Asks: 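Okay, here's the structure, questions in a sec.
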Amino acid sequence: MIIAIDGPSGTGKSTVAKEVARRLGFTFFDTGAMYRSFAWFIVQKKCDPANEVEVVKSLSDFHYRIQNHPLGERRYFVGEQEVTQAIREAPISHVASQVAIYPQVRKSMVKIQREFGKSADAVFEGRDMGSVVFPNAELKIFLTARLEIRGERRFQELLKKFPDLAESLDMEQVQKEIAKRDETDQNRAVSPLKQASDAILIDTSDLTVSQVVSKILHLSSEITNCYPRKRFLYGFIYWLVRGYFKVFFRLKIHGLHHYRRGSGIIAANHNSNLDPNVVSISCPEEVHFLAKESLFSIPLLGKLIRNLNSHPVFRGAGDTQTFKTILQLLQQGYKVILFPEGKRSFDGNLQPIERGLSFLVQKSKATIFPVYVQGTFEAWPRLKKFPKPFGKIILAFGSPIEWEEFEGLEKKEAEKEITEKMGRAWAALKKWVEDGAQGTTP
Ligand code: DC
């Protein structure tokens with residue numbers, strides 16, 4: 001799936017596109033960085049950006065490489081030289097805009113972008129993603145904002161990136177440069193910056209980054225919810241275990257429309273040793289979970305559960321190591337199943353939520369997908385050695401809890417709010433299930 005995000009500079013495009021990609025577990029591709037890297041190359045070669053013939057000639061020596069760090073950080077290289085920082089400087093912005101008008105330059109860049117788009121689910125950010133490069137993108141967004149707001153944002157960004165330049169930076173000058181770049185980008189003959197006819201326009205002037213991200217995530221889950229293929233082993237066990245619960249426990253799964261692919265915490269109530277299995281095979285994509293470290297040293301089983309995305313929890317290492325593992329998984333765009341009550345219930349009732357959940361949400365900015373499971377306690381309660389052979393299990397996904405709801409709150413307050421909201425979500429799902437599981441889940 002491709003999400004194309006276009007718009008002029010200062011609309012928050014990069015920040016938004018990066019966050020959308022992270023939340024969906026997609027690759028992020030900043031095409032502006034590509035034009036900037038080429039501009040940097042031109043400047044290094046002392047080639048005149050106004051000389052089209054010279055610029056086009058340089059294309060054959062331009063070797064561009066992106067290094068993607070698993071935690072989301074990107075580094076850009078031209079040949080062996082890292083240019084990540086250098087391409088953000090103002091003179092490079094100007095040259096990038098200048099060389100981006102040449103048809104041969106665009107043709108070369110577009111070719112690489114399309115190649116890249118073939119191999120991955122990605123968020124592409126630029127000026128012509130929806131209109132030229134990916135006319136068939138599943139979701140096209142065009143971001144705008146008022147000029148003075150864009151100027152202010154760029155000014156703040158520059159101040160943050162280059163604090164040494166605080167004295168010489170001038171807001172009016174930054175605004176003028178943006179207006180000039182808009183004009184070049186909008187009026188060039190080839191692929192001018194313009195909204196594709198089927199792109200959705202979002203004016204970000206009075207919205208926070210989180211609000212824009214939420215809007216796009218919402219649109220993406222409305223348009224399509226396709227999940228990456230499961231690996232063979234995972235898929236095989238998934239269907240086997242799913243079949244078992246469907247046949248012997250008449251498993252019913254509700255509320256899947258609330259489910260979204262990519263990064264997030266699946267927060268389920270915990271009644272029984274059956275819960276990790278039931279919850280994981282109810283999710284339509286591969287999910288990750290934690291398991292006791294001792295299980296990993298059992299021959300064969302250890303290897304199998306590792307292959308099924310289990311991660312060891314080390315007793316004695318404290319919570320730090322466990323939290324670190326979960327945070328890394330979330331950063332890499334995975335779903336992690338957690339049982340925020342910490343331990344299995346003795347009576348099948350909901351228990352208090354531990355603080356770990358809110359800590360993780362605040363650190364990772366992850367979405368919580370509340371899940372309520374009913375019937376696993378009856379099937380295999382805590383004090384019984386073996387499960388019953390038959391039973392009835394119901395699992396319900398509730399409305400996602402977005403971390404943006406708690407953004408800006410003081411730490412303690414956020415902790416309280418997150419815990420309470422989670423508790424209310426479970427209570428509502430429990431009631432919905434007990435009332436006969438009719439209609440859509442809350
Ligand atoms: O998004 P940005 O400011 O990093 O982009 C730098 C320049 O590259 C900008 O002036 C326009 C150009 N560009 C383009 O022409 N087409 C793209 N797809 C992306 C950027």
Side-chain angles (χ1 to χ4, degrees), residues 225-261 264 266-292 295 298-311 334-339 341 343-350 369-398 426 429-442:
N225 226 343
C226 52
Y227 302 101
R229 262 180 98 89
K230 297 177 190 69
R231 287 164 303 132
F232 177 76
L233 179 72
Y234 192 101
F236 179 73
I237 304 277
Y238 173 91
W239 287 110
L240 202 71
V241 178
R242 200 175 153 103
Y244 166 77
F245 280 108
K246 285 266 178 195
V247 172
F248 293 99
F249 291 93
R250 289 175 290 146
L251 171 67
K252 281 261 179 313
I253 305 164
H254 298 274
L256 266 175
H257 62 283
H258 287 309
Y259 192 94
R260 204 168 58 218
R261 61 171 279 177
I266 305 273
N269 61 316
H270 201 5
N271 286 323
S272 154
N273 275 336
L274 295 177
D275 295 328
N277 296 317
V278 172
V279 177
S280 56
I281 54 95
S282 299
C283 297
E285 66 183 333
E286 285 199 25
V287 289
H288 290 248
F289 37 94
L290 304 167
K292 271 186 235 151
L295 294 177
I298 302 176
L300 279 177
L301 178 75
K303 206 162 176 193
L304 180 70
I305 60 171
R306 203 176 277 279
N307 258 298
L308 295 174
N309 303 336
S310 295
H311 302 268
Y334 295 123
K335 282 263 176 12
V336 185
I337 296 181
L338 296 180
F339 297 99
E341 296 160 312
K343 52 192 176 312
R344 279 170 292 156
S345 161
F346 276 101
D347 54 9
N349 284 323
L350 290 171
F369 294 85
V371 164
Y372 179 73
V373 191
Q374 196 202 53
T376 48
F377 180 76
E378 289 72 13
W380 195 2
R382 190 166 173 162
L383 300 172
K384 284 272 182 314
K385 216 164 178 182
F386 297 105
K388 287 185 185 153
F390 303 104
K392 182 165 171 49
I393 298 177
I394 297 179
L395 183 142
F397 285 94
W426 273 344
L429 286 167
K430 181 173 192 276
K431 183 169 182 323
W432 182 84
V433 169
E434 288 172 353
D435 287 349
Q438 298 300 315
T440 52
T441 57

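Count residues from 1 along the sequence. These numbers come from a predicted model, not from an experiment.
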Asks: Which label fits Phe249 and Phe245: parallel for a plane angle under 30°, tilted from 30 to 60°, or perpendicular past 60°?
Replies: tilted
Asks: Got a second to check how far Ile394's CD1 is from Glu434's CD, nearest 0.5 Å?
Replies: 10.0 Å
Asks: Output, in order, the C-alpha distance, side-chain angles, deciding distance and verdict of side-chain contact (heavy atoms from CB on, under 4.5 Å) for Val371 and Leu429.
Replies: CA-CA 8 Å; Val371 164; Leu429 286 167; over 6 Å; no
Asks: Between Trp426 (side chain only) and Lys430 (backbone N and O only), is there a donor and an acceptor less than 3.5 Å apart?
Replies: no
Asks: Let's go through Ile237 and Asn307 carefully: what are the C-alpha distance in whole Å and the side-chain angles of both, what is the deciding distance for side-chain contact (heavy atoms from CB on, under 4.5 Å) to 0.1 Å, and is it a yes or a no?
Replies: CA-CA 11 Å; Ile237 304 277; Asn307 258 298; over 6 Å; no
Asks: Please lay out, stage by stage, how Lys388 and Glu378 fare under the test salt bridge (charged side-chain N to carboxylate O under 4.0 Å, His left out).
Replies: CA-CA 8 Å; Lys388 287 185 185 153; Glu378 289 72 13; over 6 Å; no
Asks: Is there side-chain contact between Ser282 and Leu251, with at least one heavy-atom pair below 4.5 Å?
Replies: yes
Asks: Could you pull out the closest heavy-atom pair between Ala437 and His254, with the gap in Å?
Replies: CB-NE2, 4.0 Å
Asks: Closest heavy-atom contact between Gln438 and Trp432?
Replies: O-NE1, 2.8 Å
Asks: For atom CG of Leu300, decide whether the heavy atoms of other residues, nucleotides or ligands shown that lie under 6.0 angstrom number more than 12.
Replies: no
Asks: Compare all side-chain heavy atoms of Ser280 with those of Tyr238 and state whether any distance is below 4.5 angstrom.
Replies: no
Asks: So, taking the atom named NZ in Lys230 and the one named CG in Asn309, what distance separates them when rounded to the nearest 0.5 Å?
Replies: 11.5 Å
Asks: When rounded to the nearest 0.5 angstrom, what distance separates CG in Leu350 from NE2 in His270?
Replies: 13.0 Å
Asks: Got more than 12 heavy atoms from elsewhere within 6.0 Å of NZ, Lys392?
Replies: yes
Asks: Just do the side-chain contact (heavy atoms from CB on, under 4.5 Å) check on Arg344 and Phe377 with the steps written out, would you?
Replies: CA-CA 9 Å; Arg344 279 170 292 156; Phe377 180 76; over 6 Å; no
Asks: I need the minimum non-hydrogen distance between Leu256 and Pro284, along with the two atoms involved.
Replies: CD2-CD, 3.8 Å
Asks: Can you tell me if Tyr234 has over 12 outside heavy atoms packed within less than 6.0 Å of its OH?
Replies: yes
Asks: Within this structure, what is the NZ-OH distance for the pair Lys431 and Tyr372, rounded to the nearest 0.5 Å?
Replies: 13.0 Å
Asks: Checking Asn269 side chain against Val373 main chain: does a donor-acceptor pair fall under 3.5 Å?
Replies: yes
Asks: Compare every heavy atom of Asn349 with every heavy atom of Glu341, then report the nearest pair and how far apart it is.
Replies: OE2-O, 4.5 Å
Asks: What's the verdict on side-chain contact (heavy atoms from CB on, under 4.5 Å) for Ile266 and Phe289, showing C-alpha distance, side-chain angles and the deciding distance?
Replies: CA-CA 10 Å; Ile266 305 273; Phe289 37 94; over 6 Å; no
Asks: Of all heavy-atom pairs between Pro276 and Phe339, which one has the smallest distance, and what is that distance?
Replies: N-CZ, 3.8 Å
Asks: Using only atom types and a distance under 3.5 Å, with no angle test, would you say the side chain of His257 pairs donor to acceptor with the backbone of Thr440?
Replies: no
Asks: Does some side-chain heavy atom of Phe369 sit less than 4.5 Å from a side-chain heavy atom of Arg260?
Replies: yes
Asks: If I compare all heavy atoms of Trp380 with all of Lys384, which pair ends up nearest, and what's the gap?
Replies: NE1-O, 3.0 Å
Asks: Other residues, nucleotides and ligands only: do more than 12 of their heavy atoms fall within 6.0 Å of NZ on Lys246?
Replies: yes
Asks: Which label fits His288 and Tyr334: parallel for a plane angle under 30°, tilted from 30 to 60°, or perpendicular past 60°?
Replies: tilted
Asks: Report the distance from atom CG of Asp275 to atom CD1 of Ile393, rounding to the nearest 0.5 Å.
Replies: 8.0 Å
Asks: Please tell me if the side chains of Leu395 and Val279 come closer than 4.5 Å, counting only heavy atoms from C-beta onward.
Replies: yes
Asks: Do other residues, nucleotides or ligands put more than 12 heavy atoms under 6.0 Å from Tyr244 OH?
Replies: yes
Asks: With rounding to the nearest 0.5 angstrom, report the CD1 to CG distance, Ile305 to Leu308.
Replies: 8.5 Å
